[in-house]
There are 4 protein chains.
Amino acid sequence: MQTELAGKKKTKPVKKGKVNRRAELLQKAGELMADKGYEGASMRNIADAVGILPGSVYYHFESKEALFEELHRNIVAAMTQRVKDAVAEFTDPWDRLEAAACAHIEGLLETGNQVAIVSPGFARQPEGIESVVREERRTYEDIFRMLLDALDLPEGTDRTLMRLSLFGTLNWAPVWFQPGGTYKPSDIAHQHIGVLRRAYSG
Amino acid sequence: MQTELAGKKKTKPVKKGKVNRRAELLQKAGELMADKGYEGASMRNIADAVGILPGSVYYHFESKEALFEELHRNIVAAMTQRVKDAVAEFTDPWDRLEAAACAHIEGLLETGNQVAIVSPGFARQPEGIESVVREERRTYEDIFRMLLDALDLPEGTDRTLMRLSLFGTLNWAPVWFQPGGTYKPSDIAHQHIGVLRRAYSG
Amino acid sequence: MQTELAGKKKTKPVKKGKVNRRAELLQKAGELMADKGYEGASMRNIADAVGILPGSVYYHFESKEALFEELHRNIVAAMTQRVKDAVAEFTDPWDRLEAAACAHIEGLLETGNQVAIVSPGFARQPEGIESVVREERRTYEDIFRMLLDALDLPEGTDRTLMRLSLFGTLNWAPVWFQPGGTYKPSDIAHQHIGVLRRAYSG
Amino acid sequence: MQTELAGKKKTKPVKKGKVNRRAELLQKAGELMADKGYEGASMRNIADAVGILPGSVYYHFESKEALFEELHRNIVAAMTQRVKDAVAEFTDPWDRLEAAACAHIEGLLETGNQVAIVSPGFARQPEGIESVVREERRTYEDIFRMLLDALDLPEGTDRTLMRLSLFGTLNWAPVWFQPGGTYKPSDIAHQHIGVLRRAYSG
DNA sequence: CATGAATGAGTCTTCATTCAT
DNA sequence: TATGAATGAAGACTCATTCAT
């Protein structure tokens with residue numbers, strides 16, 4: 001759920017029953033950007049979704065880029081948590097990898113594709129931000145790097161290409177996946193890992 | 001090279017030294033749109049890249065959408081040709097699939113990701129065009145559908161997920177691929193197909 | 001004066017010395033459109049006349065069409081009021097018609113022809129609006145239809161042609177009328193109604 | 001008919017069976033401008049209608065204004081002829097006036113409203129032209145001035161207002177007239193003159 | 001915290017016009 | 001006579017941003 005993904009991060013304690021506008025803005029911005037891309041989601045759209053005027057957004061965030069940066073950080077953090085939690089339930093390396101893949105793609109597809117933002121394929125992020133964002137992304141990807149390292153594979157197997165292929169399969173899904181269609185998100189992960197398993201350890 | 005991709009269509013012979021602005025515009029538009037998305041590439045950008053004023057683009061194309069449509073058509077046609085040629089050299093179904101995958105990803109990476117334009121995930125393409133474009137895309141994808149159908153696979157194998165996973169792996173490459181780096185484009189296709197081969201026919 | 005025409009609608013009290021930009025924009029837009037037509041009056045013109053940038057107009061009005069719609073509504077409302085007030089002072093059907101005609105042409109000429117905007121002949125008004133606008137116009141014209149119905153005329157007299165002829169005479173006036181010239185606006189109405197009176201009841 | 005109105009003016013003799021492009025351009029420009037106004041009819045529209053490219057129009061006319069000027073001149077000439085011919089058939093002053101009014105409105109409505117161009121109400125003609133055009137128009141209106149002078153009217157009757165009212169009634173017709181509807185063009189003239197007749201000579 | 005009002009640069013597009021060929 | 005190709009100015013409109021209140 002969105003709320004879980006983005007909402008847990010209150011940096012400053014909020015008083016009263018009043019909604020936390022910061023969180024609300026991040027939430028709606030996430031949805032809109034996931035749907036229409038960074039540039040496609042205008043500050044007006046975001047403000048409208050929250051029920052304030054565009055200018056008012058600038059009380060909460062210095063700029064659209066700053067808003068995106070925080071959003072990105074939140075999402076990576078939430079995804080990291082999600083994947084780590086999923087992995088923790090297993091001990092077999094292949095099971096752990098599959099759990100991670102499932103967690104990743106479920107995060108991707110169940111949250112209205114919000115996490116697509118995490119991928120560099122996400123339609124044109126602001127230029128200046130790339131470095132910040134890239135590092136966060138790398139940290140997240142390291143989880144998968146480690147999970148692959150833990151596998152017992154035939155000598156000479158290129159784990160980098162394996163990871164890239166896995167991410168490709170998973171991150172490409174938002175492009176064609178239809179919720180309520182033939183497949184569950186986990187099917188995608190399951191099938192890909194299944195192939196790898198059979199190829200390398202069968 | 002894009003020139004190869006789009007250049008084969010000259011219906012009327014171009015006069016000597018004079019540039020062919022239509023082709024030039026398609027070329028630059030392709031590069032820019034591949035790089036920045038449909039909306040990210042402005043008519044001004046495109047015109048600048050060719051050295052004319054924005055309004056002058058409209059002498060050659062009715063609208064940005066029309067320009068995109070033609071670009072899309074060209075790319076699909078060129079890719080179709082490329083893949084069909086590559087496939088024709090082989091008879092073994094797995095070899096044929098691998099040849100197709102190689103041709104696809106080489107087209108993708110050699111043209112500066114222009115083929116990404118052809119993918120349904122291509123950032124924010126114009127709404128009105130979807131139907132035209134979707135059909136062209138489907139025709140291209142049918143080639144892969146047929147190649148997969150020709151494989152001798154264990155009963156119950158989901159060829160659709162196989163195809164989607166393959167496209168994911170290949171189409172995701174432009175996101176991380178560095179020309180001149182560790183890998184050749186064909187490595188990506190080779191590895192993915194290799195895994196499939198071992199898993200299903202080994 | 002246009003101020004009279006559009007100014008009576010202030011829903012919220014305007015703060016002291018600060019100008020009311022909405023009203024000001026409607027005012028200037030009215031003048032410019034009356035003078036140069038809907039298409040002839042550009043948003044730039046209108047913004048310039050008010051002393052803001054073109055883009056800023058969109059803070060007050062959603063679009064040029066929306067601006068026109070409101071302007072149209074205002075003018076029809078003001079004219080309706082003006083004519084009804086004028087008519088109320090008389091009881092004789094001919095006197096009432098003449099009063100209405102005078103009110104109409106005075107409104108037309110005193111506001112710099114702004115009421116021309118209300119006429120179906122108003123140069124190239126936006127296409128999408130026609131229905132809204134047409135209904136308002138019809139409501140206004142109904143006043144004259146009723147006034148003509150109240151006349152005691154020889155059987156077989158075509159009241160429709162009478163009304164059209166009257167509107168023609170009055171609405172054509174802005175084309176040639178010179179303020180401060182030989183005629184007062186009411187002369188035009190007076191003369192035309194006078195002829196009708198003599199022809200039909202004399 | 002259009003052809004009669006605009007086509008008789010060949011200034012330079014044309015060779016061959018080839019159409020006279022000048023005349024053709026004037027013809028189509030007339031139709032388009034009558035329909036969409038001076039500014040609404042673009043040079044591209046006009047060129048398209050004739051089957052040449054926009055730039056090619058400039059071989060025949062120095063500018064859009066020049067094209068309009070000639071068009072205007074042609075129309076005034078044709079209308080003058082039409083009215084004079086109609087008038088010549090009668091001797092009674094009232095009959096002559098009615099014939100003129102009929103000819104005027106028939107020219108206005110039967111030729112696809114082309115002659116609406118002749119009126120100053122014609123949507124925003126180019127500014128610089130006004131003087132040329134105004135004089136031609138005045139000459140045409142003089143015909144009606146003379147016809148009114150010839151009437152035997154009660155002393156003190158304002159013939160200027162009479163003329164203006166007549167022109168208003170007639171020139172306003174294109175605004176509401178529906179070809180194939182209840183009325184024939186001549187009905188409008190007939191009714192108005194009828195009223196005048198009854199009022200002044202009855 | 002938020003609004004009201006604006007800015008300035010940018011979006012796609014249209015138009016009258018020019019001129020070498 | 002006409003085309004092919006462009007120009008430059010203007011069209012309506014959007015957007016991120018600012019700032020006094």
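Basis for what follows: all heavy atoms, side chains included, without hydrogens, waters or symmetry-related copies. Numbered from 1 within each chain, the chains take letters A, B, ... in sequence-line order.
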| task | For C:Ser42, answer base if it contacts any base atom (sugar-phosphate contacts may also be present), sugar-phosphate if it contacts only those atoms, and nothing otherwise; contact means non-hydrogen atoms under 4.0 Å. | result | sugar-phosphate
| message | A:Glu69 vs A:Arg73, test: salt bridge (Lys or Arg N to Asp or Glu O under 4.0 Å). Steps then yes/no. | response | CA-CA 6 Å; A:Glu69 249 182 64; A:Arg73 206 171 315 128; 3.8 Å; yes
| field | Identity of whatever pairs with E:dA20 - Watson-Crick or G-U, under 3.5 angstrom | value |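 Matched E:dA20 with F:dT3 under the 3.5 Å cut-off.
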[X] [atom1] to [N] [atom2], straight-line distance once rounded to whole Å:
| X | N | atom1 | atom2 | answer |
| --- | --- | --- | --- | --- |
| B:Asp48 | E:dT11 | CG | P | 9 Å |
| B:Leu67 | E:dT13 | CG | C1' | 14 Å |
| C:Ile52 | F:dC19 | CD1 | P | 19 Å |
| B:Arg22 | F:dA6 | CZ | C1' | 16 Å |
| A:Ile46 | F:dT14 | CD1 | C1' | 15 Å |
| B:Glu39 | E:dG10 | CD | P | 17 Å |
| A:Leu53 | F:dA16 | CG | P | 15 Å |
| A:Glu24 | E:dA2 | CD | C1' | 14 Å |

| task | Give the minimum heavy-atom separation between D:Met43 and D:Ser63, together with the two atoms involved. | result | CE-C, 4.3 Å
| Quiz item: cation-pi between B:Lys64 and B:Tyr38, 6.0 Å / 45° | yes
Please confirm whether the shortest side-chain N or O distance from [X] to OP1 or OP2 of [N] is below 4.0 Å.
| X | N | result |
| --- | --- | --- |
| A:Tyr58 | F:dT18 | no |
| A:Arg21 | E:dA2 | yes |
| D:His60 | F:dA2 | yes |
| B:Arg44 | E:dT11 | yes |
| A:Tyr59 | E:dA2 | no |
| D:Ser56 | F:dT3 | yes |

| field | Closest-nucleotide ordering on DNA chain F, the 5'-leading residue of C:Asn45 and C:Glu62 | value | C:Asn45
| task | Please figure out whether C:Ser63 or B:Gly55 has its closest DNA chain F nucleotide nearer the 5' end. | result | B:Gly55
| query | Do the side chains of C:Phe61 and C:Leu26 get nearer than 4.5 Å, heavy atoms only? | reply | yes
| said: Between B:Lys28 and B:Asn45, do the side chains contain a donor N or O and an acceptor N or O under 3.5 Å apart? | reply: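 No.
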